Every structure is written in structure tokens, then in C-alpha cells.
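Structure first, then comments.
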Amino acid sequence: MQISKRIKSLSRSQTVEITNLARQLRQDGIDVISLSVGEPDFTTPKEVIDYASLMAEQGKTKYVATDGLPEFKQRIQEKMKRDNGLDYELNEIFVGAGAKQVLYNLFMALLDPGDEVVVPDPYWVSYTEQVKLAEGVPVIAHTTADTAYKLTPEILDEVVTEKTKILVLNSPNNPTGSVYTLEELQALADYLDDKDIMVIADEIYEVLVYDGEHISLASISETMKKNTIVINGVSKSHAMTGWRVGYACGDSEVISAITKLQSQLVSSVSTPAQYAAVRAYDMDHTFLEEYNQLFKKRRDNAYQKMVELPYVTCIKPEGAFYLFPYFKETAEKCGFNTVDDFVKAILSEKHVALVPGSAFGYPDNLRLSYAVDEDTLNEAMDRLKSFIKEKLENTRK
């Protein structure tokens, strides 16, 4: 059996691979601490689970509309108006099986072979691979710590060509935690104003902004609203990663196109899961405020411990739940040729799972998730500190 060239050329998700490896080691009885996974450590709120169960018991287990359960689309409509100042008609809203599948649908529906998609680095692992699956060409816009790994009009202008069709913008960002300010988004909007470029704005970490506010690029102007598809969902905001419910808001023609594709893929997203999302969006907002403050506390603790490590530099994340420290010098001083080698060794020897920065296009960094309780994070950081100390002592002998 010959596997297609398309799949052969596809890279495996390193975040998923490392998380699965950590899970397997735990099943084998090894005390592994995983700081690799991009999901909150909480259980989905009980009222959400109870409501989904109630709806299932009442027979709400049949197919629903391909573009989403009407009740949930109405909640999305209300949320976008209330939180982002954006008005969308119901035919401008699409529900998919998680934000990842929504993104896949978009790339498949929008790209023809050879179309270019600008992806600022560091980037979430699936953007470039999904673009390739759609026969598009990912074009990396290189950012640096000098701009907190954020795209600027000057950086964007260096990579835009006549073939550029899409720009992917992720704020709050995975893996860096950077958040774009109003001024930064306005500058990008001004640059894009006369360009025929669609923006896919991945805002899945919206509720986790600590040192400012989340602003949607689509809210900058009517032009940006028309040319932007906003991606969001309940996975990160309500600890519902396994329910697989995400959505897109934007131009009705694009929404119609991805709905057509969806009709040939999964027909519709799990009906009980969409009812769960309805209840999540009906919850009292104090839940999200407390959730945000808890993660801010975790951020501060994790960041302080990280910058105390030898030879490490790290920007302080403004959102999401990741640290993305520069680790090259630390790895080399410890006797490793690459950060990838360092990450493999600490998993093997100290049983701490991290993700190498190479997964995000930045091989000199690594990503650490602080979406774990403080005791677990502290234990992991103690192991990391001990590992570095041992390796430094060995290299000095």
C-alpha cells in the first residue's frame, strides 16, 4: 500500500507526540510531569457537563445543521457583540470540531496550489502543516524578542508578494504569550488596508490576557472586519479541550465555503458537545475572571522561576499559558548540541516533558506550559534546576 505524498510530507505534531509519550510513561509507572500539553488542568465545569448530559437524555443526540447548532451560534453572536464589539449575522458564523479543524477547513477552502500564507514565527505547530496539506506555501515572517515576537508592518512587508493570499495572526500567541496592543493592530491594519490579503485571526486564548486587554483585529475597522476571519472556541476558556468545539466568524461567502466542505467531512459537530458549549457561554462571567486571575498567578510564579535559571532569558508573557525562554546557551553549557537534545534528556532523566522550540520554528527556545497547579509546576522547575546544575558540574570536571 502506497501512502500519499501529501501525508508523507506531513510532519507529526511535536506537542501531541511529546504529550502522548509522557502519557505512556505515566502508564508505565514513571512519575512524569508534563509541561508540554496546551490545555487547562481543570475539569470542565460541572454545570456544563450536567447540561450536556440532560440534553442527551432528552434526545438531543441527532444531527444538527452543518454550520452549527442554532442555539450555540446565537450565543457566539451575543459573545462577539458583547466582548469584541463585532456584529455578525448567523450566516457569518460556523462551528467546527475545535479551532484546529476550523483552521483546516479555512485553508482547504481558500487556498489554491501555490498560494502563499504568511505565518509569523514562532508559530503554533499546525499552521504550516495545514497550509501544506491545502497545497499552499507557508512563508515565515521572522520576528524576534526585540518586538516581543510580534509582527510589525516592516517585517510583514519583507515577505508579502503578489502570491500572498492569507496572513495568520495569533493573539494571545502560542507559544510566546505575546498580546498585540491596539496601536500594533492599527499599524498592521493600516498596512493591509489596500492589500488583497485575508487575515485569519486565531484568538483562542482571548480570555487569558493578564497585563492589558484583548482586542480583536476585526474590530479595528470595517475593512478589517470584512477581510478577517476570527477563530475562537471553548477549549481554553472553559477547560473543554476534549469536547472539540471551535468556531469562525467572518464573511458569509467564506463561511458558506467551509460549511460546504464540512458537509463532506463530519456532517456536524457532536450535538451534546455543542449544547455543552451553549451552557459554557451562559455561565456567570465571574468564572472567567477567577480563571484569569489564577492563571496570572501561575504565570508570575513560573516566570520568576524560569528567569532564575542560569543563562536563560525570557520575555514575560502577557497572555495564554506558556513560557518561551531562549535556552540555547543553557543547553550548550550543559553539554548538549541543541535544545532538542536537552529536552529529550530531561524527559529521559528527570521525567519532565517540555516542547523544543524547533516545533514552533525557533530551535533555540523551548516551550513550557504553566497550565498545571502550582505544586506540580514547582516540582517540575526544581527538577529542571537540578538537571541543569548536575550537567553544568559535569561539564566543569
Side-chain angles (χ1 to χ4, degrees), residues 73 76-94 99 102-103 105-107 109-111 115-120 123-124 127 131 136 139 141 143 147-174 178-207 209 212-233 246-258 318-320:
K73 290 180 65 174
I76 296 168
Q77 186 181 51
E78 294 163 3
K79 174 255 178 284
M80 296 303 291
K81 175 65 174 176
R82 180 187 65 244
D83 298 343
N84 307 105
L86 291 165
D87 287 306
Y88 290 104
E89 299 298 326
L90 292 182
N91 68 347
E92 296 176 313
I93 299 170
F94 167 85
V102 175
L103 285 161
N105 280 20
L106 280 167
F107 291 130
L110 293 173
L111 295 175
D115 285 342
E116 294 180 353
V117 178
V118 175
V119 181
Y123 47 79
W124 178 56
Y127 293 143
V131 169
V139 177
T143 70
T147 61
Y149 303 109
K150 288 187 272 190
L151 184 69
T152 66
E154 293 76 20
I155 295 171
L156 181 56
D157 191 53
E158 291 177 1
V159 296
V160 166
T161 73
E162 60 183 16
K163 294 182 179 180
T164 304
K165 191 165 187 179
I166 296 173
L167 164 66
V168 177
L169 198 70
N170 178 207
S171 178
N173 181 267
N174 172 12
S178 294
V179 176
Y180 285 80
T181 65
L182 174 60
E183 293 74 19
E184 290 164 342
L185 291 174
Q186 184 66 62
L188 290 172
D190 290 344
Y191 174 83
L192 293 165
D193 189 58
D194 61 350
K195 307 285 192 304
D196 186 21
I197 298 174
M198 176 159 283
V199 181
I200 294 178
D202 183 351
E203 302 180 2
I204 192 70
Y205 292 95
E206 173 186 2
V207 302
V209 175
E213 61 177 332
H214 170 76
I215 300 169
S216 178
L217 179 64
S219 69
I220 296 296
S221 67
E222 278 303 313
T223 299
M224 285 314 306
K225 180 174 182 284
K226 177 176 174 55
N227 294 331
T228 300
I229 305 294
V230 177
I231 306 296
N232 212 321
Y247 58 84
C249 299
D251 180 80
S252 60
E253 185 178 359
V254 175
I255 297 301
S256 177
I258 60 178
E318 301 160 310

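In what follows, every heavy atom counts, from backbone to side chain, and hydrogens, waters and symmetry copies are set aside. No experiment lies behind these values; they were computed from the predicted model shown.
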Problem set entry | Check against side chain to side chain contact (heavy atoms under 4.5 Å, CB included), Thr152 and Asp157 | CA-CA 9 Å; Thr152 66; Asp157 191 53; over 6 Å; no
Mind checking whether [X] and [Y] have side chains closer than 4.5 Å, heavy atoms only?
{"X": "Ile200", "Y": "Leu103", "value": "yes"}
{"X": "Pro172", "Y": "His214", "value": "yes"}
{"X": "Pro153", "Y": "Leu188", "value": "yes"}
{"X": "Leu86", "Y": "Cys249", "value": "no"}

Starting at [atom1] of [X], measure out to [atom2] of [Y] and round the result to the nearest 0.5 Å.
{"X": "Leu192", "Y": "Leu156", "atom1": "CG", "atom2": "CG", "answer": "6.0 Å"}
{"X": "Glu213", "Y": "Leu182", "atom1": "CD", "atom2": "CG", "answer": "7.5 Å"}
{"X": "Trp124", "Y": "Ile204", "atom1": "CH2", "atom2": "CD1", "answer": "9.0 Å"}
{"X": "Phe107", "Y": "Ile258", "atom1": "CZ", "atom2": "CD1", "answer": "11.5 Å"}

Which residue is it: [options]? I am looking for the one with a side-chain contact (heavy atoms from CB on, under 4.5 Å) to [X].
{"X": "Leu169", "options": "Val118, Val199, Thr228", "result": "Val199"}
{"X": "Leu106", "options": "Val168, Val254, Leu111", "result": "Val254"}
{"X": "Leu217", "options": "Leu167, Leu185, Val230", "result": "Leu185"}

Exercise. Within 45 degrees of the axis of the six-membered ring of Tyr88 and under 6.0 Å from its centre: does Lys225 put its NZ or CZ there?
Worked result: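 The answer is yes, since Lys225 meets both limits relative to Tyr88.
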Problem set entry | Heavy-atom pair with the smallest gap, counting every atom of Ala99 and Ile231 |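 Taking every non-hydrogen atom into account, CB-CG2, 3.7 Å.
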For this session: Give the minimum heavy-atom separation between Ile229 and Gly250, together with the two atoms involved.
Result: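 Between these two residues, the closest heavy atoms are CD1-CA, 3.7 Å.
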Would you confirm whether [X], through its side chain, and [Y], through its main-chain N or O, come within 3.5 Å as a donor-acceptor pair?
{"X": "Thr223", "Y": "Asp193", "answer": "no"}
{"X": "Lys150", "Y": "Thr143", "answer": "no"}
{"X": "Glu116", "Y": "Val139", "answer": "no"}

For this session: Could you walk me through whether Tyr123 and Asn170 pass the side chain to side chain donor-acceptor pair (under 3.5 Å) test, one step at a time?
Result: CA-CA 8 Å; Tyr123 47 79; Asn170 178 207; over 6 Å; no
For this session: Show your working on side chain to side chain contact (heavy atoms under 4.5 Å, CB included) between Lys226 and Asp251 and close with a plain yes or no.
Result: CA-CA 6 Å; Lys226 177 176 174 55; Asp251 180 80; 4.1 Å; yes
Problem set entry | Derivation of the side chain to side chain donor-acceptor pair (under 3.5 Å) call for Glu89 and Ser252 | CA-CA 8 Å; Glu89 299 298 326; Ser252 60; over 6 Å; no
Exercise. Can you check side chain to side chain donor-acceptor pair (under 3.5 Å) on Asn84 and Glu206, steps first, answer last?
Worked result: CA-CA 10 Å; Asn84 307 105; Glu206 173 186 2; 3.0 Å; yes
For this session: Begin with the C-alpha distance, continue with both residues' side-chain angles, and end with the deciding distance and a verdict on side chain to side chain contact (heavy atoms under 4.5 Å, CB included) for Ile93 and Met80.
Result: CA-CA 10 Å; Ile93 299 170; Met80 296 303 291; 5.9 Å; no
